[in-house]
Q: 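Let me begin by handing over the structure; questions about it come next.
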Amino acid sequence: MSGAEENEYREHRLANMARLIELGYEPFGNAFARSGRLADVRAKYNEDEHVSIAGRLMTVRDMGKSIFADVRDGSDRLQIYIQKKKLGDAAFAAFKLLDMGDHIGVEGTLFTTKTGEKTVFAEKWVLLAKALLPLPEKWHGLRDVEARYRQRYLDLIANPEVRDLFDKRIKVVSEIRSYLTERGFQEVETPMMQPQAGGAAAQPFVTRYSALNTDMYLRIAPELYLKRLLVGGFDKVFEMNRNFRNEGLSRTHNPEFTMLEIYEAYSNVTGMQKLIQSLIVHVAETVFGGLHVGNGDASLDLTPPWREVTYRELIVERMGADWYELSRDDAAARAESENLSIDRQWDMLMITHEIYEKLIERTLMQPTFVTRLPAELVPLARICKDDPSSVDVFELVIAGQEVAPAYTEMNDPIEQRRRFEAQAAHGGGSLDEDFLTALEHGMPPAGGMGVGIDRLVMILSGADAIRDVILFPQLRPRSSSGAN
RNA sequence: GGGCCGUUAGCUCAGUUGGCAGAGCAGUACACUUUUAAUGUACGGGUCGGCGGUUCGAAUCCGCCACGGCUCACCA
């Protein structure tokens, strides 16, 4: 829908604007000094005090020689009372040329109506910005999902619960920042455009850097740069910003998403476990009002300590004590009897991981630390001392979704090279020589962790799609040729 | 990318077996000086997502396309 689309509504509004201009009103005004946002005015000013407010005209109840109307800004709504006798014939008549959604400024004195509502008795009004297109209908709200995402500004105006959810998301992000900063972590910024996309296994977006005549990649993770900072002496750092992965869209995937990564030198996976548990508890309490969160289907109890279980225990619990003694083909047969389709090329590791992802992970509703994953799955983590086939990691799973993977970081450059090479041989990952050089200069032992912020907000708020916690989720662009 | 479902007025939605395109809100006009989804009276508003086909006749049946939703695949 183009803003220039002609329709009856727009025509009327243009005509009203033209008449207001004739009367000396400026349809797109400048700054307006207000006593405060509407919520402040409501809270801090009393009857008979003079106030100056601004906002959108939302509903008008025209009584003939007087009018009640609601004005709304980002904080609240407030009623104004327009009286012909008070305002004068000209200003009163001009007010009737306003349309719903117009931004106006009003000066007047506060009083309380006989129904008990705090109201501004207008002495003067100014036009601040004309709205040429109408707002969505006022009490069914805006339902059309496509319009809600493509024209999120309308969704935010029409659906208060949407605004409330984004207010919460903003607060989650700011609480995380202050929580970490107060504990001595420094927030850093590392490249979003990288010469090679490392730190995770995902298809990157490619872009072209003309000046250097070279391809660059939007980052799939900041991990390898944050570890370079550990080498450089930043020993408690975090970064909370966008990652980009060239993957399909789904209820739980957006190609750009917000990731928090935290690294702490001389710590390990146990330190990360304590940190994430206290961080999420803090966010739940400060933003969501307690430790019982989520919606009816997935009502969650975040009271610590959270369950801790090894990957192997989960597999054995689900598939039988003899699982790890089975031959590859017997394991495949048993998996297939659970309605999984098993690729003939998969080895034992992949069959087992398919079981974890399809049969186990999504059933872990209450917060669970899944520990000691197979080493092949996590090439950047340190091997467990007592078991070379596992790595010293956890995945925090809540509501069936992986929220935060954490590891004791691999800091042995020789072993790291071997793991990268093994992975490259399997066709995944690339060798980042600059990173390996950094490790050779000595990276302190460290705990590191990634937290998917969008999914965390989904889980805490009970939102059922990642689109609902991202202001402008990715959609297919409108084709430019077609009308509409 | 596959399967299923959806797209009707500015918004929210009806629309029967294929037979004149509907409602509420919003809008316009008039009345009304304490209303709260103000009220009352009257009126206007449609490329039924797009293109093609079947038919005497298509919002309705068929095909293709666009966009969206759910789901599967992808995401080691």
Side-chain angles (χ1 to χ4, degrees), chain A residues 1 5-13 15-16 58-70 77-87 92 96 99-101 111-119 121 131-151 154-155 157-159 200-204 220 243-255 257 341 343 345-347 349-354 356-358 373-374 376-379 402 422-429 464-465 467 473 475-484:
Chain A
M1 189 180 317
E5 188 176 320
E6 300 300 318
N7 64 43
E8 170 197 6
Y9 293 86
R10 191 163 182 272
E11 292 301 320
H12 282 304
R13 285 163 181 256
N16 285 342
M58 294 305 285
T59 63
V60 175
R61 295 175 286 283
D62 185 345
M63 314 285 297
K65 293 189 177 59
S66 73
I67 300 169
F68 284 93
D70 290 339
R77 56 164 282 282
L78 195 65
Q79 182 168 263
I80 61 174
Y81 182 54
I82 305 288
Q83 195 183 66
K84 189 173 187 177
K85 200 169 85 184
K86 187 84 167 183
L87 214 53
F92 185 80
K96 294 203 175 195
D99 294 297
M100 302 282 215
F111 76 109
T112 303
T113 64
K114 67 182 181 192
T115 49
E117 174 147 1
K118 191 175 275 192
T119 301
F121 199 147
L132 296 180
L133 291 171
L135 295 171
E137 199 236 16
K138 64 188 171 196
W139 70 84
H140 287 103
L142 184 66
R143 296 278 169 72
D144 181 83
V145 280
E146 187 175 351
R148 286 187 45 224
Y149 299 139
R150 288 195 197 276
Q151 294 183 282
L154 295 180
D155 191 28
I157 292 168
N159 299 318
Q203 190 70 31
I220 56 175
N243 286 351
F244 305 87
R245 297 188 182 178
N246 207 337
E247 296 162 0
L249 291 164
S250 81
R251 200 176 61 77
T252 52
H253 291 76
N254 197 63
F257 59 99
S341 63
D343 191 301
Q345 311 218 334
W346 289 356
D347 59 12
L349 176 81
M350 293 175 76
I351 296 169
T352 304
H353 199 57
E354 178 75 1
Y356 173 74
E357 289 195 328
K358 292 287 159 63
L373 269 63
E376 293 88 337
L377 296 176
V378 195
E402 183 186 331
Q423 208 191 14
H426 274 76
D464 44 33
R467 287 183 294 268
L475 296 176
R476 186 182 295 273
R478 288 287 203 172
S479 65
S480 46
S481 54
N484 231 8

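Just so we're on the same page: letters track the sequence lines, and every chain starts at 1.
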Q: Out of the candidates A:R148, A:R143, A:R150, only one should pair with A:E146 under the salt bridge (charged side-chain N to carboxylate O under 4.0 Å, His left out) rule; please name it.
A: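 Testing each of A:R148, A:R143, A:R150 against A:E146, the sole residue satisfying salt bridge (charged side-chain N to carboxylate O under 4.0 Å, His left out) is A:R150.
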
Q: Between B:U33 and B:U47, how far apart are the C1' atoms? Round to whole Å, please.
A: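 Those two atoms are separated by 46 Å.
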
Q: Heavy atoms under 4.0 Å, any strand shown: does A:M350 hit a base, just sugar-phosphate, or nothing?
A: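 A:M350: no heavy atom of the nucleic acid under 4.0 Å.
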
Q: Of all heavy-atom pairs between A:T119 and A:I80, which one has the smallest distance, and what is that distance?
A: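 Closest pair (atom of A:T119, atom of A:I80, distance): CG2-C, 3.7 Å.
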
Q: On a whole-Å scale, what distance lies between the P atoms belonging to B:C51 and B:A38?
A: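 Those two atoms are separated by 39 Å.
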
Q: Please write out each protein N/O paired with an N/O of nucleotides 31-35 of chain B under 3.5 Å, distance rounded to 0.1 Å.
A:
from, atom 1, to, atom 2, distance (Å)
B:C32, N1, A:M63, O, 3.4
B:C32, N3, A:D62, O, 3.3
B:C32, N4, A:G64, N, 3.4
B:U33, OP2, A:K65, N, 3.3
B:U33, O4', A:S66, OG, 3.2
B:U33, O2, A:Y81, OH, 3.4
B:U33, O2, A:Q83, NE2, 2.6
B:U34, O2', A:K114, NZ, 2.8
B:U34, O2, A:K114, N, 3.3
B:U35, O2, A:R61, NE, 2.5
B:U35, O2, A:R61, NH2, 3.2
B:U35, O2, A:Q79, OE1, 3.2
B:U35, N3, A:Q79, OE1, 2.8
B:U35, N3, A:Q79, NE2, 2.9
B:U35, O4, A:Q79, NE2, 2.6
B:U35, O4, A:T113, OG1, 2.9

Q: Roughly how far, to the nearest 0.5 Å, is the OG1 atom of A:T113 from the NZ atom of A:K118?
A: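 With rounding to 0.5 Å, NZ (A:K118) is 12.0 Å from OG1 (A:T113).
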
Q: Which base sits across from B:C32 as a Watson-Crick or G-U pair, both distances under 3.5 Å?
A: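 Partner of B:C32: none.
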
Q: Rounding to an integer number of angstrom, what distance separates B:C5 and B:G46 when you compare their C1' atoms?
A: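 It works out to 25 Å between them.
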
Q: Please pick, from B:C67, B:U28, B:U12, the nucleotide with the shortest atom-to-atom distance to any side-chain atom of A:H12.
A: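 Taking heavy atoms from C-beta onward, the closest nucleotide is B:U28.
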
Q: Set out, line by line, the N/O atom pairs under 3.5 Å between protein and nucleotides 40-46 of chain B.
A:
from, atom 1, to, atom 2, distance (Å)
B:G44, N2, A:E8, OE1, 3.2
B:G44, N2, A:E8, OE2, 2.9

Q: Any donor and acceptor pair, going by atom type alone, linking the side chain of A:D99 with main-chain N or O of A:A131 inside 3.5 Å?
A: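 No, A:D99 side chain to A:A131 backbone: no donor-acceptor pair under 3.5 Å.
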
Q: Atom CZ of A:R467 to atom C1' of B:C70: distance rounded to whole Å?
A: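 Nearest whole value for this atom pair: 9 Å.
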
Q: Given that both distances must come in under 3.5 Å, which nucleotide forms a Watson-Crick or G-U wobble pair with B:G18?
A: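 Pair assignment: B:G18 / none.
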
Q: Would you measure the distance from the P atom in B:U55 across to the matching atom in B:A14 and give it in whole Å?
A: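 So the two P atoms sit 32 Å from each other.
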
Q: Give none if B:A23 has no partner; otherwise give the nucleotide forming a Watson-Crick or G-U wobble pair with it, both distances under 3.5 Å.
A: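 Matched B:A23 with B:U12 under the 3.5 Å cut-off.
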
Q: Quick one: A:N246 CG to B:A73 P, roughly how many Å, whole number?
A: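 These atoms are roughly 19 Å apart.
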
Q: Take atom P in B:C4 and the same atom in B:G10, then report the distance between them in whole Å.
A: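 Pairwise P distance, B:C4 against B:G10, rounds to 32 Å.
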
Q: Roughly, in whole Å, what's the span from NE2 in A:H140 to P in B:G24?
A: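 About 12 Å, once rounded to whole Å.
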
Q: So, the side chain of A:R61 versus the backbone of A:D70: is there a donor-acceptor pair under 3.5 Å, distance only?
A: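 Pair absent, no side-chain N/O of A:R61 close to backbone of A:D70.
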
Q: If I take atom CD from residue A:E11 and atom CG from residue A:L132, how far apart are they, to the nearest 0.5 angstrom?
A: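 Rounded to the nearest 0.5 Å, the CD-CG separation comes out at 10.5 Å.
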
Q: Which base, if any, makes a Watson-Crick or G-U wobble pair with B:C67, both distances under 3.5 Å?
A: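 Base partner found: B:G6.
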
Q: Closest heavy-atom contact between A:E247 and A:A202?
A: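 Scanning both residues completely, I find the closest heavy atoms to be OE2-CB, 3.6 Å.
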
Q: Which whole number of Å gives the distance between the P atom of B:G44 and that of B:U71?
A: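 Their P atoms lie roughly 46 Å apart.
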
Q: If the C1' atom of B:A58 is compared with that of B:U8, how far apart are they to the nearest Å?
A: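 Approximately 14 Å lies between the C1' atom of B:A58 and that of B:U8.
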
Q: Can you tell me the base-pairing partner of B:G1? Count Watson-Crick or G-U wobble geometry only, both distances below 3.5 Å, and say none if there is no partner.
A: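 Its partner is B:C72.
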
Q: Separation of A:L475 atom CG from B:C70 atom P, in whole Å?
A: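 Rounding to the nearest Å, CG of A:L475 and P of B:C70 are 11 Å apart.
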
Q: What does A:H353 touch in the nucleic acid at a heavy-atom separation under 4.0 angstrom: a base, only the sugar-phosphate, or nothing?
A: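 Touches nothing.
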
Q: Between A:F121 and A:F111, what is the ring plane arrangement, given parallel below 30°, perpendicular above 60°, and tilted in between?
A: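 A:F121 vs A:F111 ring planes: tilted.
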
Q: Would you give the length of the straight line joining atom CG of A:L78 to atom CE of A:M58, rounded to the nearest 0.5 angstrom?
A: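 Output value for this atom pair is 14.0 Å.
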
Q: So which heavy atom on A:P379 is nearest to which on A:E376, and how close?
A: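 Closest approach of A:P379 to A:E376, heavy atoms only: CD-O, 4.4 Å.
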
Q: Measuring to OP1 and OP2 of B:U12, would you say a side-chain N or O of A:R143 lies under 4.0 angstrom away?
A: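 Checking B:U12 against A:R143, no side-chain N or O comes under 4.0 Å of OP1 or OP2.
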
Q: Has the side chain of A:R245 got a donor or acceptor atom that lies under 3.5 Å from a matching backbone atom of A:I220?
A: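 Present.
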
Q: Among B:A26, B:C11, B:G68, which is the nearest nucleotide to the side chain of A:L142?
A: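 The closest nucleotide is B:C11.
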
Q: Considering only B:C11, B:U71, B:G68, which nucleotide approaches the side chain of A:R251 most closely?
A: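 Side chain of A:R251 sits closest to B:U71.
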
Q: Are A:R150 and B:G68 close enough that a side-chain N or O sits under 4.0 Å from OP1 or OP2?
A: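 Yes.
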
Q: Can you work out whether A:L249 or A:P379 has the more 5'-proximal nearest nucleotide on RNA chain B?
A: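 Closer to the 5' end of RNA chain B: A:L249.
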
Q: Hey, which of these two, A:K358 or A:A465, hits RNA chain B nearer its 5' end, going by closest nucleotide?
A: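 Closer to the 5' end of RNA chain B: A:A465.
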
Q: Which value, rounded to the nearest 0.5 Å, describes the distance between A:K84 atom NZ and A:M63 atom CE?
A: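 Interatomic distance, A:K84 NZ to A:M63 CE, rounded to 0.5 Å: 15.0 Å.
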
Q: Rounded to the nearest Å, what distance is computed from the CZ atom of residue A:F257 to the P atom of nucleotide B:C75?
A: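 Distance check: A:F257 CZ to B:C75 P gives 15 Å.
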
Q: May I have the distance from A:Y149 (atom OH) to B:G69 (atom P), rounded to whole angstrom?
A: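 Answer to the nearest Å: 7 Å.
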
Q: Return the value, rounded to whole Å, for the distance between atom CZ of A:R245 and atom P of B:C75.
A: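 After rounding, the gap between these two atoms is 13 Å.
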
Q: Output yes when at least one side-chain N/O atom of A:R476 is less than 4.0 Å from OP1 or OP2 of B:G68, else no.
A: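 Checking B:G68 against A:R476, a side-chain N or O does come within under 4.0 Å of OP1 or OP2.
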
Q: Distance between the C1' atoms of B:A26 and B:A9, in whole angstroms?
A: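 Going atom to atom, C1' in each nucleotide, I get 10 Å.
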
Q: Take the protein atom CD1 of A:I67 and the nucleotide atom P of B:U39, then report the distance between them rounded to whole Å.
A: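 The distance from CD1 of A:I67 to P of B:U39 comes to 16 Å, rounded to the nearest Å.
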
